[in-house]
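The analysis underlying the following values was restricted to heavy atoms, covering all of them including side chains, and did not include hydrogens, waters or symmetry mates. We're numbering straight along the sequence, starting at 1.
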Amino acid sequence: VPFLLITPDSKAGSMGDVGVATTPDANSMHWNPSKMSFAEDDIGVAVSIVPWLRELVPDINLQYIGGYYKLNDNEAIGYELRYFSLGDITFTDITGHTIGQYKPNEFALGTAYSRKLSEKMSIAISGRYIYSNLSGGIDVQGHGTIAGQSIAADISTYYQTSIRIAKKETELAFGMNISNIGNKISYTETSIRDFIPINLRLGTSISTDL
């Protein structure tokens, strides 16, 4: 399920997939949920459609909706839904005869809780359900296939402080997110189960008024 790592927002993608320590926004649920409790607005929503490998195939894309809601000055909850479509795929047997056609798809539904520990630091814990149906139940080498399912969790933290550089007020931030800590996934009843893509993100950012 590598679709869990695809960048959903153009801002972070244009900067080389950074986002774990950037300014909190509606896409914080993907990058670092602990940033949500530092968001300036009480509510944030992000919606995006990401064409994937568009120069090779025209019908693979990621559809994403995420956001947050601040319960108070110290707490926030977040949500996300990502749907990944792999387009139309024709399945053939070992001799090349068509045995079926299917639109493989995957989705993940997640939520998070973020809380400030101080005026400068916050933590968050997230959970998500993952569903991956790549074959539609078609037999592969004599074995029936099933949709892969898993449950995963994230642990994240965020720290920000104000410093002065060249007589200008500057925001210095650090972030960390360990994402997709969960059980293995399998697409048949007999095959070896594989790890989902656990990922460690570390980052720092400096922002100042020009």
Parallel, tilted or perpendicular: which describes the rings of F174 and Y159, with under 30° parallel and over 60° perpendicular? tilted
_ILVMFWY cluster, Y68 and I43 together (side-chain gap under 4.5 Å)_ = no
Separation between OG (S205) and CD (E171), nearest 0.5 Å, reads 9.0 Å
Donor-acceptor pair between S34 and N32 side chains, under 3.5 angstrom = yes
| request: Scan side-chain atoms only and decide if S132 and Q149 contain a donor-acceptor pair under the 3.5 Å cut-off. | output: no
Margin query: Does R164 form a salt bridge (Lys or Arg N to Asp or Glu O under 4.0 Å) with E169? I'd like the steps, not just the answer.
Written below: CA-CA 5 Å; R164 292 190 66 83; E169 196 70 21; 3.2 Å; yes
Exercise. Does the side chain of Y64 come within less than 4.5 Å of M29's, by heavy atoms?
Worked result: yes
When rounded to the nearest 0.5 Å, the distance separating OG1 of T204 from CE of M176 is 14.0 Å
query: So, does S114 use its side chain to make a donor-acceptor pair with the main chain of A76 at under 3.5 Å?
result: no
Contacts satisfying salt bridge (Lys or Arg N to Asp or Glu O under 4.0 Å) that involve residues 32-51 (not counting sequence neighbours) are none
Before giving the answer on side-chain contact (heavy atoms from CB on, under 4.5 Å), spell out for Y113 and R115 the whole-Å C-alpha distance, their side-chain angles and the decisive distance to 0.1 Å. CA-CA 7 Å; Y113 170 75; R115 180 178 178 84; 3.6 Å; yes
Discussion item. What I want to check is whether the side chains of K120 and T161 have a donor and an acceptor closer together than 3.5 Å.
Written reply: yes
Item to complete: Please examine the side chains of T90 and Y102, heavy atoms only from C-beta on, and report whether any two atoms are closer than 4.5 Å.
Response: no
D9 versus S48, side-chain donor and acceptor atoms under 3.5 Å
no
Decide yes or no for E75 and S37: does some side-chain heavy atom of the first lie under 4.5 Å from some side-chain heavy atom of the second?
-> no
F38 and Y158 aromatic centres sub-6.0 Å
yes
Practice problem: For S207 and T23, indicate whether the former's side chain and the latter's backbone hold a donor-acceptor pair under 3.5 Å. | Solution: no
**L86 side chain near N105 side chain, heavy-atom distance below 4.5 Å** = no
G136 and N133 have their tightest heavy-atom pair at N-OD1, 3.0 Å
Does any non-hydrogen side-chain atom of F84 lie less than 4.5 Å from one of I6?
yes
- Are side-chain N/O atoms of D17 and T7 paired as donor and acceptor at under 3.5 Å? yes
Item to check | Residues, nucleotides or ligands: over 12 heavy atoms within 6.0 Å of D73 CG | outcome: no
Worksheet item: Is there a path from I155 to L4 through hydrophobic residues (I, L, V, M, F, W, Y) whose side chains come within less than 4.5 Å of each other?
Response: no
With no hydrogens and no angle check, is any side-chain donor or acceptor of S14 less than 3.5 Å from a backbone partner on S10?
yes
| request: Taking R82 for its side chain and F3 for its backbone only, find out whether a donor-acceptor pair lies under 3.5 Å. | output: yes
Quiz item: So, does S150 use its side chain to make a donor-acceptor pair with the main chain of G148 at under 3.5 Å?
Solution: no
Rounding to 0.5 Å, atoms CD1 (I49) and CD1 (I65) come to a distance of 11.0 Å
Under 3.5 Å: donor-acceptor pair, side chain of T145, backbone of Y187
no
All heavy atoms of A46 vs all of N27, minimum pair found to be CB-OD1, 3.5 Å
* To do: Using a cut-off of 6.0 Å, state whether more than 12 heavy atoms not belonging to F195 lie near its atom CZ.
  => no
(request) Answer with yes or no whether the side chains of N61 and S85 bring together a donor and an acceptor at under 3.5 Å. (result) no
For residues R193 and N183, determine if any side-chain heavy atom of one lies less than 4.5 Å from a side-chain heavy atom of the other. yes
Note: G19 and W31 closest approach over all heavy atoms is O-CB, 3.4 Å
Would you say the side chains of E106 and Y131 form a donor-acceptor pair under 3.5 Å? no
Separation between CG (D25) and CE (M36), nearest 0.5 Å, reads 11.5 Å
Looking only at heavy atoms, the pair that brings D88 and D59 closest together is N-OD2, 3.2 Å
* **Check: I146 and T188 side chains under 4.5 Å, non-hydrogen atoms** => no
Note to self: Surrounding OH of Y69 (heavy atoms of other residues, nucleotides or ligands, distance under 6.0 Å), is the total greater than 12?
What the structure shows: no
Heavy atoms of A152 and N180 approach each other most closely as CB-CA, 3.8 Å
Between Y83 and F107, ring centroids under 6.0 Å: no
R128 and A108 have their tightest heavy-atom pair at CD-CB, 4.4 Å
Quiz item: Any chance NZ of K11 has more than 12 other-residue heavy atoms, nucleotides or ligands included, within less than 6.0 Å?
Solution: yes
Open item on the list: Taking Y79's backbone N and O only, do any of them form a donor-acceptor pair with T111's side chain (distance below 3.5 Å, no angle check)?
Closed with: no
Criterion side-chain contact (heavy atoms from CB on, under 4.5 Å) on I178 and N199, from CA distance to verdict: CA-CA 6 Å; I178 305 174; N199 190 46; over 6 Å; no
| query | Any side-chain heavy atom of I130 within less than 4.5 Å of one from I196? | reply | yes
Would you kindly confirm whether L202 and L172 end up in one hydrophobic cluster when ILVMFWY residues are joined by side chain heavy atoms under 4.5 Å apart? no
According to a 4.5 Å side-chain heavy-atom criterion applied to Ile, Leu, Val, Met, Phe, Trp and Tyr, with indirect links allowed, do M121 and I206 form part of one hydrophobic cluster? yes
In the single-linkage hydrophobic clustering (I, L, V, M, F, W, Y; side-chain heavy atoms under 4.5 Å), do I125 and I123 co-cluster?
no
